[in-house]
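Heads up: the structure comes next, in structure tokens.
Per chain, numbering begins at 1; letters A, B, ... match sequence-line order. Since we're looking at a predicted model, the values are computed, not measured.
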Protein chains: 2
Amino acid sequence: MVTIADVARAAGVSPSTVSYVLSGKRTISETTRRKVHRSIRKLGYRPNAGARALASSRTNVLALVAPLRTDLNVPVVMQFVGAAAAAARAHDHDVLLLTADEGAEGLDRVAASALADAILVMDVEAGEPRVPVLRALERPAVLIGVPDDCAGLTCVDLDFTAAGAACVAHLADLGHRHVALIGPSPAVYRRGTSYAGRFLRGFEREAADRGALTTALACVPTYDGLRDCLDDLFARRPPVTGLVVHNEAVLGPLLSELARRDRRVPRDVSVLAVCPPDLARSHEVPLTSVDIPAAELGELAVELAMRQLDGHGEPEVRLLPPRLEARGSTGPPP
Amino acid sequence: MVTIADVARAAGVSPSTVSYVLSGKRTISETTRRKVHRSIRKLGYRPNAGARALASSRTNVLALVAPLRTDLNVPVVMQFVGAAAAAARAHDHDVLLLTADEGAEGLDRVAASALADAILVMDVEAGEPRVPVLRALERPAVLIGVPDDCAGLTCVDLDFTAAGAACVAHLADLGHRHVALIGPSPAVYRRGTSYAGRFLRGFEREAADRGALTTALACVPTYDGLRDCLDDLFARRPPVTGLVVHNEAVLGPLLSELARRDRRVPRDVSVLAVCPPDLARSHEVPLTSVDIPAAELGELAVELAMRQLDGHGEPEVRLLPPRLEARGSTGPPP
DNA sequence: TTGAAAGCGCTACCAA
DNA sequence: TTGGTAGCGCTTTCAA
């Protein structure tokens, strides 16, 4: 193993000088810097992470608590994680992956044993039970999602309230008078997942403002679940003419089931999805959608964590505005 | 911050004794052990990971290189990662997540800077470019997937060759004479992803053995891509009566497109999927499938890594036998 | 602009 | 069965 002492010896300088060359925390003459870098390269030196962490109290690791269930919106989680990992690397940090089922104890463990400098927490619930622990943590944390009680915490998310409203606005503008929400699995609502409730709230408020009728259903993400939803929705009067789907897993089943029932999109019924754009485009009828900017959120979360580590960085709630893109699955009601 | 010295003082013992209580590497009297544990609990002591790593040359971290693309079989990746993380925790280890695009350099970095004790590598290609680096690494590694040149390496995977063969055997047993493979995206083949080729090989060899006709297509994972495949397949003579789908993303589109073309499953055409069982069950017609045991593989990979860290653990290639479950989407040809 | 050296908190060897 | 203590490899203060 090559140590900093080896490099120092080879370069004819002291270990501290090598350290300063690497950290840039001291001005170093051009000559010395070059000598040191040459030795580093020649010897293939890599600072030992443990030693560095011990001496500096900085691990250069970000912990990320991700929900690795499959009931959830898997590609979105994936995109977020990927973007966060990339952003972390751009800041010379690595990502330690925790699963959500470690709970608050996991946060405590990672923080107290100094495994990571900061913690990102995905899949935040409205009445998030981990909030007290996160507050007590002596390390920066960024929540992805906004708990009801978020004072003093840094949170990022899509503005789901605005997203719900935007969906209704789009359909109402087209003339729809009864719009339905095919929402996430009942389990998601039961967990009190923060975004589900906020979307629903925005959805209903906007409908109320515009005097439109709404029906909101939680949908089990299976073919059967979807069919039950449709049976319910199409029995209602006045007829539902616009569907907002906040549940990616049922988009495919929905479209095939509509086809089977001979309801054309958008002639007979409009469909508006809340999902990543690539998914919206991959269907038979390209779907009008409100984007879930997972990658952007991942990057932003890391950015805010780094800022807190740098000392700036007040607690703040950062909500990205929804972007609706019309792609042809929505139109005027029949 | 609570240190081992604080605990020692509170318990009236030496720091080394506390260390030994924690590691179990020395026999400790019941009285002492209790005193120490009490102090640990009272003070809320957590060993500092960096210090521990520095002193013991063990990080208790497993690095996992995961492909975080969305073109890939996302839920399978997710399941694997989740299972690996859980298994790692069961062995008192954490998981450091690397993205595949860090390449060989990433492996080197993590190994040389002692960020992890061992490395798990997903998404292995046949002509895996990282193999030389992995061999040179002074740390245990487990590949998920089997490169052509795997001498001296530890690999785990589903036996995709056997899986391909099992699919053909199942359909041939039912009487099908022309079976088609709807394979992964051309991009997957182009990358030389190890499992894709092995599956195809098993598929074709078994067909040859049984004198069955085959057509194999790479399928772009979009609705259009799937439709192109079907157009091609159904133009063939003698008619294709059995479809093996090794591409989860198109399962949904396939079923709705078949419905649209008025081909009943399994009356007119049999469909056999290669995918996790929950996915197979979530369609309108529950699908006969060969399971992709992602969770099992994740656990096994961790197990093999731990074994190598313990000193036992010869390099080996471990292939899990495929399990085919009939669920009603396959039957005799019309 | 550079060097010397005192820790960081823990493990594990050497003694008792 | 336990204690003392020398490192592990790095950062950072103090001195020059």
Note to self: Between A/Arg109 and A/Glu102 (salt bridge meaning N to carboxylate O under 4.0 Å), is one present in this structure?
What the structure shows: yes
Checklist line | Contact check, side chains of B/Leu64 and A/Leu97, non-hydrogen atoms, under 4.5 Å | finding: no
Check: Taking for each residue the nucleotide of DNA chain D with the nearest heavy atom, is it A/Arg26 or A/Thr3 whose nucleotide lies nearer the 5' end?
Finding: A/Thr3
Check: Of B/Gly12 and A/Ile4, whose closest DNA chain D nucleotide lies nearer the 5' terminus?
Finding: B/Gly12
Checklist line | side-chain N/O B/Thr17 vs D/dT2 OP1/OP2, d < 4.0 Å | finding: no
Notebook entry, point to check: With respect to the phosphate group of C/dT1, does any side-chain polar atom (N or O) of A/Thr27 fall under 4.0 Å of OP1 or OP2?
Noted result: yes
Note to self: Could you report the tightest heavy-atom contact between A/Val74 and A/Arg69, atom names first, then the distance?
What the structure shows: CG2-O, 4.2 Å
Margin query: Tell me the closest heavy-atom pair linking A/Pro140 and A/Gln308, and the distance in Å.
Written below: CB-CB, 3.7 Å
Checklist line | Residue whose nearest DNA chain C nucleotide is more 5′ - B/Tyr20 or A/Ser29 | finding: A/Ser29
Notebook entry, point to check: Should we say atom CD of A/Glu30 is surrounded by more than 12 heavy atoms from elsewhere, each under 6.0 Å from it?
Noted result: yes
Of the nucleotides [options], which has the atom closest to the [X] side chain?
{"X": "A/Ser16", "options": "D/dT2, D/dC10, D/dT12", "answer": "D/dT12"}
{"X": "B/Lys25", "options": "C/dA12, C/dC8, C/dT2", "answer": "C/dA12"}
{"X": "B/Ile28", "options": "D/dT1, D/dT2, D/dT12", "answer": "D/dT2"}
{"X": "A/Leu54", "options": "C/dG9, D/dC10, C/dA4", "answer": "C/dG9"}
{"X": "B/Ala55", "options": "D/dC10, C/dA4, D/dG7", "answer": "D/dG7"}

[X] [atom1] to [N] [atom2], straight-line distance once rounded to whole Å:
{"X": "A/Arg52", "N": "C/dG9", "atom1": "CZ", "atom2": "C1'", "answer": "18 Å"}
{"X": "B/Asp6", "N": "C/dC8", "atom1": "CG", "atom2": "P", "answer": "11 Å"}
{"X": "B/Leu22", "N": "C/dT11", "atom1": "CG", "atom2": "P", "answer": "7 Å"}
{"X": "A/Asn48", "N": "C/dT11", "atom1": "CG", "atom2": "C1'", "answer": "14 Å"}

Notebook entry, point to check: Can you find an N or O donor on one side and an acceptor on the other, under 3.5 Å apart, linking the side chain of B/Arg46 with the base of C/dG9?
Noted result: no
Margin query: With no hydrogens and no angle check, just 3.5 Å: does a side-chain donor-acceptor pair link B/Ser19 and B/Ser16?
Written below: no
Check: Is it true that the side chains of A/Arg198 and A/Ser194 contain a donor and an acceptor less than 3.5 Å apart?
Finding: yes
Notebook entry, point to check: What parts of residues 32-44 of chain A reach DNA chain C, counting only heavy atoms under 4.0 Å away?
Noted result: A/Thr32
Check: Just checking B/Ser56: base, sugar-phosphate only, or nothing, at a heavy-atom cut-off of under 4.0 Å?
Finding: sugar-phosphate
